[in-house]
Amino acid sequence: MDPRLAADLADLPDLLTAARDYAAGVLDGLDDRPAAVPPPAFDPVPLPAAGLGAAQALEVFRERWAPGFSGSAGPRYLGFVTGGATPAALLGDWLTGTFDQNASARVGSSAVDLERETVGWLRSLFHLKDDFDGTFVTGATMSNTVGLAIGREWLGERKGVSVARQGVTALGDITVLSGAPHSSVYKALSILGIGRDQLRIVPVQPDREAVDVAELDRCLSETVGPAIVVANAGTVNTVDFDDLRAIAALKGRHDFWLHVDAAFGGFAALTAEHRHLVDGLDLADSICIDLHKWLNVPYDAAVQFTRRQDLQVSVFQNAAAYLTAPGPDPDPFHLTPENSRRLRALSAWFALAAYGADGHREIVARNVALARRFGAEVATLPGVRLLSPVRLNVVCFGVEGDVEAILKAVAASGEAFLTPTVHGGGPALRAAFSNWRTRDGDVDRVLAVLREVLAE
Ligand SMILES: *Cc1c(COP(=O)(O)O)cnc(C)c1O
């Protein structure tokens with residue numbers, strides 16, 4: 001054994017304690033860490049021949065890298081849609097690495113059963129019926145990709161061909177329809193060989209990002225053969241929701257696969273007040289829900305739900321002499337792009353075991369209340385106007401002046417981080433509330449820095 005490796009093995013308990021103490025300090029200081037840091041100039045060093053040992057590597061990391069890391073796990077990082085990691089979720093993440101299970105198959109470990117229990121918990125959290133199967137993937141982009149891959153296989157079934165065997169060209173023309181899809185849907189279509197240009201944008205309702213269902217009906221009437229519809233439950237700009245029930249009702253007259261991108265909007269299902277926004281989610285053929293956003297587990301975790309696990313197996317099965325063939329109860333490596341895979345369900349298991357449905361409902365309700373309050377108060381600042389009502393957890397607003405310069409000044413203060421967007425043809429700002437730590441005092445601090453920057 002390499003002498004440094006042998007020494008680390010001997011010192012393992014002390015090394016873990018050192019890492020724990022350091023981590024505790026980082027988390028303790030999260031409130032004062034700048035929300036975002038402009039990355040300093042980066043000067044890569046050559047690969048060391050003889051290593052430093054873990055204790056020294058920790059020192060180098062602390063000095064060289066940690067100062068440039070953002071406070072994105074903290075309460076005032078309001079860019080994109082960003083969650084943090086609850087205490088239990090973090091424990092789960094540490095133990096994922098500690099046990100280092102390969103959650104690819106039910107061989108010699110109950111890791112896969114833990115994943116299944118977690119999927120069951122998520123199914124009930126989102127009020128989905130038992131006929132939905134679910135798998136963990138790395139994020140919503142991959143969840144959309146897997147859902148659309150199953151939809152692609154379904155198109156083959158309808159046309160009497162197997163895409164998994166014959167390739168996507170066997171399908172001929174493919175129609176994918178959506179109102180205001182996330183950029184990752186285009187990426188998924190590119191990965192799947194369907195092509196970004198095949199996505200036909202359906203008109204949305206006036207001043208909304210929700211699809212006009214009558215227009216969708218018309219587009220489907222113009223489509224020859226089966227289609228894929230991507231419905232959106234929570235758009236990133238204005239958190240708008242398609243009418244999922246009305247879209248699903250179109251299945252009475254048209255033949256289509258209904259994929260719902262509910263990456264973070266799915267969490268509306270947790271509160272009685274907002275559950276109506278995802279009414280009809282249960283009628284989807286496949287559903288994407290991100291977990292590293294509003295479940296507040298560390299990156300990388302999302303769940304993909306579908307009712308057609310048989311088609312999922314057609315796409316992803318990995319047959320080999322030494323592996324079990326996919327039976328009625330297929331192992332994960334017959335269901336996801338990966339074969340060997342991290343037990344990424346463990347963080348979610350810990351979070352749900354520790355805080356339950358009630359704890360997660362409280363996070364969602366509090367984030368929504370904070371977004372509403374922020375929306376109401378930011379609208380009173382000079383030159384600010386809300387670009388849409390605050391439907392859930394994101395505030396989208398316009399300002400007089402240079403959006404980029406304003407966002408830079410906000411970030412430079414260290415107090416907050418917001419990201420830009422384009423809405424209604426013009427530049428806009430977004431503040432997204434999805435971190436479990438955020439409280440009223442944080443909204444005060446973000447408003448204070450915005451007030452200052454806008455007055456300059
Ligand atoms: C964030 C997001 C995605 C992509 O999620 P990743 O986790 O970054 O892959 C897809 N759809 C919606 C609506 C999102 O908000």
Side-chain angles (χ1 to χ4, degrees), residues 70 72-73 77-85 89 93 122 126 134-149 151 176 178-192 196 199 201 204 208-211 228-242 244 258-269 274 277-278 281 284 286-305 336-338 342 344-345 347-348 364 367-368 371 388 391-396 418-421 423 430-435:
S70 75
S72 61
Y77 187 99
L78 309 179
F80 312 101
V81 179
T82 305
D93 198 59
L122 292 167
F126 298 111
T135 37
F136 269 76
V137 290
T138 49
T141 300
M142 200 41 81
S143 179
N144 278 331
T145 304
V146 171
L148 292 170
V176 183
S178 189
H182 188 263
S183 54
S184 61
V185 171
Y186 291 91
K187 185 176 190 165
L189 295 177
S190 168
I191 295 171
L192 294 170
R196 296 170 192 262
L199 184 54
I201 295 299
V204 290
R208 295 280 302 274
E209 288 184 307
V211 77
I228 293 175
V229 172
V230 179
N232 302 295
T235 57
V236 285
N237 273 348
T238 64
V239 197
D240 213 338
F241 289 79
D242 288 351
L244 302 178
L258 177 56
H259 175 78
V260 180
D261 181 355
F264 68 95
F267 284 79
H274 301 101
L277 294 170
V278 286
L281 183 63
S286 54
I287 302 170
C288 152
I289 300 184
D290 226 337
L291 301 176
H292 54 214
K293 289 176 180 164
W294 227 350
L295 195 70
N296 279 269
V297 298
Y299 294 104
D300 51 16
V303 63
Q304 198 287 320
F305 287 110
T336 63
E338 308 86 8
R342 174 182 175 80
R344 53 178 62 85
S347 286
V364 170
N367 284 156
V368 172
S388 88
R391 289 189 191 87
L392 204 64
N393 62 327
V394 176
V395 182
C396 186
L418 281 66
T419 43
T421 189
H423 185 64
R430 289 170 66 262
F433 293 80
S434 35
N435 187 292

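Read the numbers this way: they start at 1 and go in the same order the structure lists the ligands and their atoms.
Taking each heavy atom of S70 and Y77 in turn, the nearest pair found is OG-CE1, 4.2 Å. In terms of heavy-atom proximity, S347 sits nearest to D93 at OG-N, 3.2 Å.
In this pair, W294 and F267 present their aromatic rings tilted. The plane angle is within the 30 to 60° band.
In terms of modelled atom types and a separation under 3.5 Å, the side chain of N393 and the main chain of N367 share no donor-acceptor contact. Of the possible polar contacts, none joining the D300 side chain to the G139 backbone as a donor-acceptor pair under 3.5 Å is found.
Protein residues with a heavy atom under 4.0 Å from ligand 1 are G139, A140, T141, N144, H182, S184, G234, V236, D261, A263, F264, D290, H292, K293.
If you run side-chain contact (heavy atoms from CB on, under 4.5 Å) between T138 and each of E338, H292, R342, only E338 comes through.
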